[in-house]
Amino acid sequence: MTDAPLDPLIALRPWETPEVTSWGRLPINAVDRRCGALPLDGDWRFQLLSAPDAPVGGAVSSACSAYVPGVWTMQDTDDLPRYTNVRMPYTEFPPQSPAANPTGIYEREVDIPAEWAGRRIVLQVGAAESVLLVHVDGRPVGISKDSHLAAEFDLTEVVRAGERATVRLTVVKWSDASHIEDQDQWWHGGITRSVLLYTTDPLYLADVTVRARYSGELQVDCRVRHAGGALPEGWYLTGELDGRLLAHDAEFDRANAEDERVSDFLGEARLLTTVPEVRTWNAETPELYGLTVRLHRADGTVADTSQHRVGFRDVEIVGRDLLVNGERVFIRGVNRHDFHPLTGRTVSYDDMRADLILLKRFGFNAIRTAHYPNDPALYDLADELGFYVVDEADIESHDHAHEIADDPRYLNAFVDRVSRMVLRDKNHPSVIIWSLGNESDYGANHDAAAGWVRRHDPTRPIQYEGAAKLGWADPSLASDIACPMYAALEDCVAHALSGEQTKPLIQCEYSHAMGNSNGTLADHWAAIEATPGLQGGFIWEFWDHGILQRVSDGRPAGRGGAGLYDNGVAAPGHRWAYGGDFGETIHDGAFIADGVVFPDRTPKPAMYEHREVAAPVRIECFRHEGIVVANHQHFRGFDWLAAVWVLSLEDGRTLTAPAELPELCPGETAAVPLPFALPEDGGEAWLTLRVTTAQDLPWAPRGTEVCTPQVLLRAAGVRDEPVAAGAVEVDDEGLLVHPLLTAAPALSLWRAPTDNDELGGMAGRWRTWGLDALVRKVVSVRRDAGRVTVTAEYAGACGVVRHRQVFTPVEGGVRVDEEAELPEEFDDVARVGSVFETVAGLDLLEWFGQGPWESYPDRSAGAPVGHHSVPVDELFTPYLRPQESGGRHGVRRFTLSAPDATGLSVVLDEPRQVSVTRYRAEDLTAAAHHDELVPRPGCVVHLDAAHRGLGTASCGPDTFPSYRVPPGVHRWSWTLRVL
Ligand code: IPT
């Protein structure tokens, strides 16, 4: 230890003092100072201490540096990321922290511009987790907590223009605040958002509050201050909205005047206008106006300016409906964390923009900022691209929720976090709901925060799941929305039908996207759209938070890993790390990989399912007067869309014709004539409307696919395979011998458990039943005029499946009729079907059925029926933890071929679940990470008579009973031919 007197900021031990939320920090506000500021991002000298009160090793040496903004946990320090969900990664109770408490000292010099002389100078730290201590030239300046909002400190009296100052930012990782930042994500430490210095005139805009109504009324409330204390005489404000001058609210001015313009040191003024024929804002047509507020000195010169983008819109709850501009809008939302596989919690503007663009392209219109306020740029993008935002305060006390919710020591922190979020984000039209946080039980601290919001911003509703769960209709609770998480669909529908509903029902989390998941999403949306009172929800979640990790030394690749991934897969020598991969002993494994996109933002197949359930254009049905097309938007027609008709015939033909979308208002339908004379022959016929963007949009170039609604025009005829002369070769074990098969068709009841299967408990039951290791015993092989009947038994641990295969020679191949009888014990299995393996070289799958993306019985709405063609290596979806993957639903027939067009074809008796991959189910079951998989040279082909739905049981409801595989007799048949 040094003999130096203890630093006062350290002596206070603010990391164990929840009452202290800040010291010396300026009030947050909605005046954007990013433009024209002096950026301080870049490499800072850095030292990582073992504890906040450990001695700093002399001058912080320049030998070691850290990049700002960035988390040190991803920058080659020995403090690595760790992942826990609910539980804290240490045992200390709130407000205590562990003695081993990594603390980063960031230091750099800053040259204060000479022209800033006489001006006010402010340091802004965009975000630091979890306690920030600021020193300038060794003098204590301030403290801040609240890891996802900026902290500002007035340096006017601390630095001198034209001179150099040394800024030191000390960031303590674990604190009393960590107990209320216990969100389900990686634990990091560092400065995660930009640091900057800005300057203002001593006379400055302290805050601007914009209220822009659907009616076109605009009210702008401004607060003015002077650094010297007393305001100078004669200041005044002007405002301009896209060239239109705002008027002063005379009444407001008069009231203020009587009050001596509020006070000596706080000036207030209100500007007004009404825009006739205003272009209103909503997520479909996010119209924005530019507002400039100017603060003038008495001589008319401008002392300060504030720019805002204004969206005119109303949000209100009427009855049990949440209305935007009077419309009951559907909330097609996703929960989005700040995440990047190389930089952890630091995300760039381009990254945020890419996130939102992708979401727009897949039909999302809403974001919950799970579980903390996001970077200011995200809200700008949401305003601009069109998203409804549930803005959530940085409060999750999950592990100690009950204690903290009523703990008065944390009262200040709750109100501080919620109020600071509201003060910063209140002017964004995208923000339609304030959220008090996540998973923190419900207590007086929440009510205090809600009270602050209701007084300060009566224009938006509040939601909080922890309150709502105590009674979806209870008016006394802090939540205006019934916002459950993972509620059973039948409970939601029952509530809406009960007559008891008083609040909009919008699930804050639903359809948990872990691994191969999001089963029953289409069923949810069918119910939501059909049931007044249900308004949607937020899928959990956007990201798979896999960190790019070097396999050689187990460290995060960090910023050097740029480009070391593609299409959802990490480059050789790397993998996507999840909980436990950095040597943590307490962790929650792959539960961190539960998003609809891979860690590199590659969309998972579930995204296509969402895109279709959100389709703005629907085909309702096919009637004698034509195809009935519907507009499923809330505010606009189809003029932004183009379309083409595609007719897919079973015989292989695909016909196209231009489509004219009818002029329809939201909610309207119209019949359009059938674009084709349906050919007499050709078998099963499907008509698809391929809808694309008609022009370049901020989020999609012209021609981007928006949806592909579809209707069946003609059902399949009876498929007949007449017996032909010839023989089928079957060996003494009853196994088919075929030149293109390396493993004969056998019965399969096992799939590599999905995360839902594992965490939902199904996989455990299947293992207990022995379905992963069934023992086949041939019972009889009967040959009868070219036809061979094989009976076998597959024995599990507590039951035997009888299986019969009848091999019949048919024209050019063999028909296989199969029957499996499952004992009552096996009352819910993964699949019943055939599995076989092919020779190497058959690398292209072409099929008629649903596709082209992966689809499953309860997740197939996004995969239209048609002719699809995908290389075998691209059929597999590289879920982070290997599991059942790559299935295609509703397959009628397929070929597997080599480049010289040799290969095999299979025709199925009915649309079936088929998968063709390089992996056996046991290969997938045995691997923990995708990079451990070794592809087999041939193909592993599954044809399923029945395949269990995916559901969402890793967190939430299982698939519906109708998508489960019952015991008893299953029959299926298929015909195999050589091409
Ligand atoms: C819920 C959390 O709010 C969210 O952060 C995440 O953990 C999600 O579940 C699961 O991935 S809480 C859960 C205990 C229902």
Side-chain angles (χ1 to χ4, degrees), residues 82-89 147-148 178-188 333-339 345 367-374 390-402 404-405 433 435-442 446 463-470 479 481 483-488 491-492 506-519 537-546 578-579 586-597 599 604 606 754-756 758-761 879-881 950-958:
R82 20 169 145 175
Y83 166 55
T84 60
N85 172 12
V86 174
R87 54 193 161 162
M88 292 296 288
S147 293
H148 293 88
S178 307
H179 291 285
I180 55 170
E181 295 178 1
D182 179 21
Q183 290 98 352
D184 179 9
Q185 58 179 342
W186 291 100
W187 293 100
H188 288 296
V334 73
N335 283 278
R336 182 193 163 283
H337 267 289
D338 279 344
F339 171 77
R345 212 118 56 217
I367 292 167
R368 174 174 176 235
T369 67
H371 297 304
Y372 37 78
N374 287 183
V390 171
D391 202 4
E392 187 150 282
D394 192 358
I395 302 174
E396 173 162 345
S397 59
H398 215 149
D399 201 7
H400 298 285
H402 189 63
I404 289 178
I433 296 170
S435 163
L436 303 180
N438 186 57
E439 290 284 3
S440 303
D441 208 311
Y442 180 41
H446 292 102
Q463 75 173 50
Y464 177 53
E465 183 270 340
K469 76 176 171 199
L470 300 181
S479 191
I481 315 272
C483 50
M485 44 174 72
Y486 313 106
D491 293 345
C492 296
I506 302 170
Q507 293 218 52
C508 70
E509 295 176 21
Y510 82 110
S511 199
H512 195 248
M514 184 178 185
N516 192 356
S517 186
N518 304 97
F538 296 81
I539 288 180
W540 186 267
E541 66 172 307
F542 182 60
W543 284 110
D544 261 3
H545 303 222
Y578 52 75
I586 302 174
H587 66 83
D588 289 301
F591 208 63
I592 191 72
D594 54 359
V596 287
V597 300
K604 291 185 180 175
T754 63
D755 292 310
N756 290 328
E758 288 288 7
L759 298 175
Y879 296 111
L880 268 59
R881 195 191 64 76
L950 299 167
T952 60
S954 53
C955 184
D958 192 1

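Numbering of ligands and ligand atoms starts at 1, following listing order.
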If you count the atoms of ligand 1 from 1 in the order shown, which ones are under 4.0 Å from a heavy atom of Asn438?
-> 2 (C), 3 (O), 5 (O)
Ligand 1 atoms in contact with Met485 (distance to a heavy atom under 4.0 Å) = 1 (C), 3 (O), 12 (S), 15 (C)
According to the interplanar angle, ranging from 0 to 90°, do the rings of Trp540 and His337 count as parallel (below 30°), tilted (30 to 60°) or perpendicular (above 60°)?
-> perpendicular
Counting heavy atoms only, which of Glu439, Met514, His371 comes nearest to atom 13 (C) of ligand 1?
-> Glu439
Do the rings of Tyr372 and His148 sit parallel, tilted or perpendicular, given the 30° and 60° boundaries?
-> parallel
Proximal ligand 1 atoms for Phe591, defined as those under 4.0 Å from one of its heavy atoms = 10 (C), 11 (O)
Which heavy atom of the protein is the closest neighbour of atom 7 (O) of ligand 1, given with residue, atom name and distance?
-> Asp184 OD2, 2.5 Å
Identify whether the distance between the nearest side-chain nitrogen and carboxylate oxygen of Arg368 and Glu392 falls below 4.0 Å.
-> yes
Under 4.0 Å from a heavy atom of Asp594: give me the atoms of ligand 1 that qualify, with their elements.
-> 11 (O)
Is Arg87 salt-bridged to Asp182, cutoff N-O under 4.0 Å?
-> no
Go through the structure and list residues passing side-chain contact (heavy atoms from CB on, under 4.5 Å) with His587, not counting sequence neighbours.
-> Glu584
Protein heavy-atom partner closest to atom 11 (O) of ligand 1 - residue, atom, separation in Å | His512 NE2, 2.7 Å
Kindly say whether the aromatic ring centers of Phe591 and His512 come within a distance under 6.0 Å.
-> yes
What part of Asn335 sits under 4.0 Å from ligand 1 if we count only heavy atoms: the side chain, the backbone, both or neither?
-> neither
Considering all heavy atoms, the nearest Glu541-Ile592 contact | OE2-O, 4.3 Å
So which protein heavy atom does atom 8 (C) of ligand 1 come closest to, and at what separation?
-> Tyr486 OH, 3.2 Å
Between Glu541, Glu509, Glu465, which one has a non-hydrogen atom sitting closest to atom 9 (O) of ligand 1?
-> Glu509
